[in-house]
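All of these numbers come straight from a predicted model, not from anything done at the bench.
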Amino acid sequence: MLSDDMPSTSAASGILRSYEDECKYIERVSPTQFRIKKGFVHNMKVDGCFYVNQHLQELMFDELQQFSDSRGVGGFLPAVKQIANVAALPGIVGRSIGLPDIHSGYGFAIGNMAAFDMNDPEAIVSPGGVGFDINCGVRLIRTNLTEKEVGPVKEELAQALFDHIPVGVGSKGVIPMTMHNLEEALEMGMDWSLREGYAWAEDKEHCEEYGRMLQANPAMVSQRAKKRGLPQLGTLGAGNHYCEIQVVDEIYDAHAARKMGIDQKGQVCIMVHSGSRGLGHQVATDSLVSMEKAMRRDGIEVNDRQLACARIQSKEGQHYLQGMAAAANYAWVNRSSMTFLTRQAFAKIFNSTPDDLDMHVIYDVSHNIAKVEEHMVDGKLKQLE
């Protein structure tokens, strides 16, 4: 614990508080849920909350104490403060929520979720809530192969995946693309992949949004973003992105597993984790510039400049959402292209066809995205973003 005579700065308020005083605003609701009460940071509209087990709880509070010790000089805000700063954004509904993978991010914490009332004229959209790698997500592909069958050829299989899927910073795709093709992919998402023969018809059924956001507008994606994205389609990228051969170690729900085509321990699956590459990063970067201007025009104040935002219904807000949707479609096409290349690599090594190897998509889930959904809030049906 931090002693009372060691102050910390409450984000954006200028108030120096001890770590002990900060913790007074954090209440344990259950063994795995904590509430961040209003007043933890300036101008909170709603409470924050986060869900962690004992080990993750220690990491969260250690990060907060280290921030208090250093008074926040350099580096990111701790996740707890980021959750609270999101709770201070205009138009937020319910709570600012931190999921169990919560850790410091850009603006929003990684694993931080929030909803905003589409009919509230004050409600905002923030690129920091979506992230720079728009529609980064994970796709799981099953096979009918077992660990025993793959083990003897795992090195050859790994090499085949490297040969088929370009990886690393600056990697260039092998999927033939023109600027016209790219414009279509940005608008059509996986429908483009299906039309061009890079996806199976049933792949879409297992993807969030069926692999296409209909509000996508390629005109809201800058030429710089398109130039960055053109050579990168069908590439994995770097950082924490991966194409990984995985083995089913345990089945906890046999009925659900059978529905997904997973019927035995030792069954081999492939997980692809990637997003919209340089195109999505550029869309986010471009939007931050316009949103900073919109904030000055509309008098929007935030606790952290990384939460730069615009009113949802403003020109800047709508342009961002349309460009974000186009980048999300690009990411689905990117993962679909890598699925096609993964199927080719497996077919080559096992001298078979992807269909005979049962290489169906189980799911494709996005974790860097903003969507419009209807939910019941305080007994009323609301349209939320």
- [ ] Could you list who else is in Leu194's hydrophobic cluster, with ILVMFWY side chains joined at under 4.5 Å, directly or through other members?
- [x] none

- [ ] Please say whether more than 12 non-hydrogen atoms of neighbouring residues, nucleotides or ligands are located less than 6.0 Å from CD in Glu27.
- [x] yes

- [ ] Might you point out which heavy atoms bring His367 and Gly137 nearest each other, and give the distance in Å?
- [x] CE1-CA, 3.7 Å

Open item on the list: So for atom CZ, which belongs to Arg195, do other residues, nucleotides or ligands contribute more than 12 heavy atoms lying within a distance under 6.0 Å?
Closed with: yes

TODO: Just jot down the ring pair (Phe, Tyr, Trp, His ring centres under 6.0 Å) partners of Phe132, sequence neighbours excluded, or say none.
DONE: Tyr106, His281

Open item on the list: Restricting to side chain to side chain donor-acceptor pair (under 3.5 Å), what partner residues turn up for Arg28, sequence neighbours left out?
Closed with: Gln57

Task: Side-chain donor/acceptor of Asn217 to backbone N/O of His319, under 3.5 Å - done: no

Open item on the list: Side-chain heavy atoms nearer than 4.5 Å, only ILVMFWY residues, links allowed to pass through others: does that put Phe340 and Leu157 together?
Closed with: yes

TODO: Determine whether more than 12 heavy atoms belonging to other residues, nucleotides or ligands lie under 6.0 Å from atom CD of Glu147.
DONE: no

TODO: Can you tell me which residue pairs pass the side-chain hydrogen bond (donor to acceptor under 3.5 Å, both in side chains) test with a partner in residues 150-170, sequence neighbours excluded?
DONE: Gln159-Asp163

- [ ] Please step through salt bridge (Lys or Arg N to Asp or Glu O under 4.0 Å) for the pair Glu209 and Lys371, ending with a clear verdict.
- [x] CA-CA 9 Å; Glu209 297 290 305; Lys371 299 195 299 184; 3.4 Å; yes

TODO: Could you walk me through whether Glu292 and Arg297 pass salt bridge (Lys or Arg N to Asp or Glu O under 4.0 Å), step by step?
DONE: CA-CA 9 Å; Glu292 286 180 354; Arg297 181 194 67 210; over 6 Å; no

Task: Pairwise side-chain contact, Met60 with Val80, heavy-atom cut-off 4.5 Å (strictly under) - done: yes

Task: Of all pairs that satisfy side-chain hydrogen bond (donor to acceptor under 3.5 Å, both in side chains), the ones with a partner from residues 112-121, not counting sequence neighbours - done: Ser96-Asn112

Task: Test item: Asn368 and Ile134 side chains (from C-beta on) under 4.5 Å apart, heavy atoms - done: no

Open item on the list: Are Val29 and Cys49 packed together at the side-chain level, in the sense that at least one heavy-atom pair is separated by less than 4.5 angstrom?
Closed with: no

TODO: Scan for side-chain hydrogen bond (donor to acceptor under 3.5 Å, both in side chains) pairs involving residues 254-267, sequence neighbours excluded, and state none if there are none.
DONE: Glu250-Lys265

TODO: Using a 4.5 Å cut-off on heavy atoms from C-beta on, say whether the side chain of Leu64 contacts that of Ile26.
DONE: yes

Open item on the list: Within the 3.5 Å criterion, strictly below it, is a donor on His241 or Asp133 matched to an acceptor on the partner's side chain?
Closed with: yes

Open item on the list: Do Arg343 and Thr353 pair up side chain to side chain, a donor and an acceptor below 3.5 Å, judged on atom types alone?
Closed with: no

TODO: Consider only side-chain heavy atoms of I, L, V, M, F, W and Y, link residues closer than 4.5 Å, and tell whether Tyr320 and Met220 are in one cluster.
DONE: no

Task: Test of ring centre spacing under 6.0 Å for Phe61 and Phe34 - done: yes

Acceptor/donor pairs from residues 326-333 side chains to any protein atom, 3.5 angstrom cut, sequence neighbours excluded:
| unit_1 | atom_1 | unit_2 | atom_2 | d |
| --- | --- | --- | --- | --- |
| Asn329 | OD1 | Met213 | N | 2.8 |
| Asn329 | ND2 | Leu186 | O | 2.9 |
| Asn329 | ND2 | Glu187 | O | 3.3 |
| Asn329 | ND2 | Met213 | O | 3.3 |
| Tyr330 | OH | Gly229 | O | 2.6 |
| Tyr330 | OH | Leu233 | N | 3.2 |
| Trp332 | NE1 | Asp364 | OD1 | 3.2 |

- [ ] Assess whether atom CG of Asp249 is packed by more than 12 heavy atoms of other residues, nucleotides or ligands within 6.0 Å.
- [x] no

Task: Backbone of Gly105 reached by a side-chain donor or acceptor of Gln82 within 3.5 Å - done: yes

TODO: Apply side chain to side chain donor-acceptor pair (under 3.5 Å) to His55 and list each qualifying residue two or more places apart in sequence or on a separate chain.
DONE: none

Task: Backbone of Arg311 reached by a side-chain donor or acceptor of Asp298 within 3.5 Å - done: no

Open item on the list: Surrounding CZ of Phe350 (heavy atoms of other residues, nucleotides or ligands, distance under 6.0 Å), is the total greater than 12?
Closed with: yes

TODO: Return yes if some donor-acceptor pair links the side-chain N/O of Ser222 with the main-chain N/O of Ala225 below 3.5 Å, else return no.
DONE: yes

Open item on the list: I'd like to know if the side chain of Asp304 and the backbone of Leu307 have a donor-acceptor N/O pair within less than 3.5 Å.
Closed with: no

Open item on the list: So does Ser276 get a backbone contact from the side chain of Asn334, meaning a donor-acceptor N/O pair under 3.5 Å?
Closed with: no

Task: Glu149 side chain vs Thr146 backbone, donor-acceptor pair below 3.5 Å - done: yes

Task: Transitive ILVMFWY cluster of Met113, excluding itself - 4.5 Å side-chain cut-off - done: Tyr51, Ile97, Leu99

Task: Heavy-atom donor-acceptor pair, His273 side chain to Asn240 backbone, under 3.5 Å - done: yes

TODO: Given salt bridge (Lys or Arg N to Asp or Glu O under 4.0 Å), test Glu183 with Lys226 step by step and report yes or no.
DONE: CA-CA 8 Å; Glu183 294 275 351; Lys226 290 171 183 174; 2.7 Å; yes

- [ ] Evaluate the side chain to side chain donor-acceptor pair (under 3.5 Å) criterion for residues Asp358 and Thr143: first the C-alpha distance (whole Å), next the side-chain angles of each, then the deciding distance (0.1 Å), finally the verdict.
- [x] CA-CA 5 Å; Asp358 196 35; Thr143 76; over 6 Å; no

Task: Val377/Lys380 under side chain to side chain contact (heavy atoms under 4.5 Å, CB included): CA gap, chis, key distance, verdict - done: CA-CA 5 Å; Val377 179; Lys380 296 180 180 178; 5.8 Å; no

- [ ] Establish, from distance only, whether the side-chain atoms of Thr339 and Arg139 form a donor-acceptor pair under 3.5 Å.
- [x] yes

TODO: Each residue besides Tyr252 in its hydrophobic cluster should be listed here, by chain and number; the cluster joins Ile, Leu, Val, Met, Phe, Trp and Tyr at side-chain heavy-atom distances under 4.5 Å.
DONE: none

Open item on the list: Determine whether a donor-acceptor pair (N or O, by modelled atom type, separation under 3.5 Å) exists between the side chain of Gln246 and the backbone of Val268.
Closed with: no

- [ ] Show your working on side chain to side chain donor-acceptor pair (under 3.5 Å) between His180 and Glu184 and close with a plain yes or no.
- [x] CA-CA 6 Å; His180 177 70; Glu184 292 182 324; 3.2 Å; yes

Open item on the list: Heavy-atom count check: over 12 atoms from other residues, nucleotides or ligands less than 6.0 Å from Asp378 CG?
Closed with: no

Open item on the list: Which Ile, Leu, Val, Met, Phe, Trp or Tyr residues join Val248 in one cluster when any pair of side-chain heavy atoms under 4.5 Å counts as a link?
Closed with: Val138, Leu140, Tyr242, Ile251, Met260, Ile262, Met271, Ile362, Tyr363, Val365

- [ ] Tell me, please, which residues at least two apart from Leu214 pass side chain to side chain contact (heavy atoms under 4.5 Å, CB included).
- [x] Arg212

Open item on the list: For Arg224, I'd like to know if atom CZ has over 12 heavy atoms of other residues, nucleotides or ligands within 6.0 Å.
Closed with: no

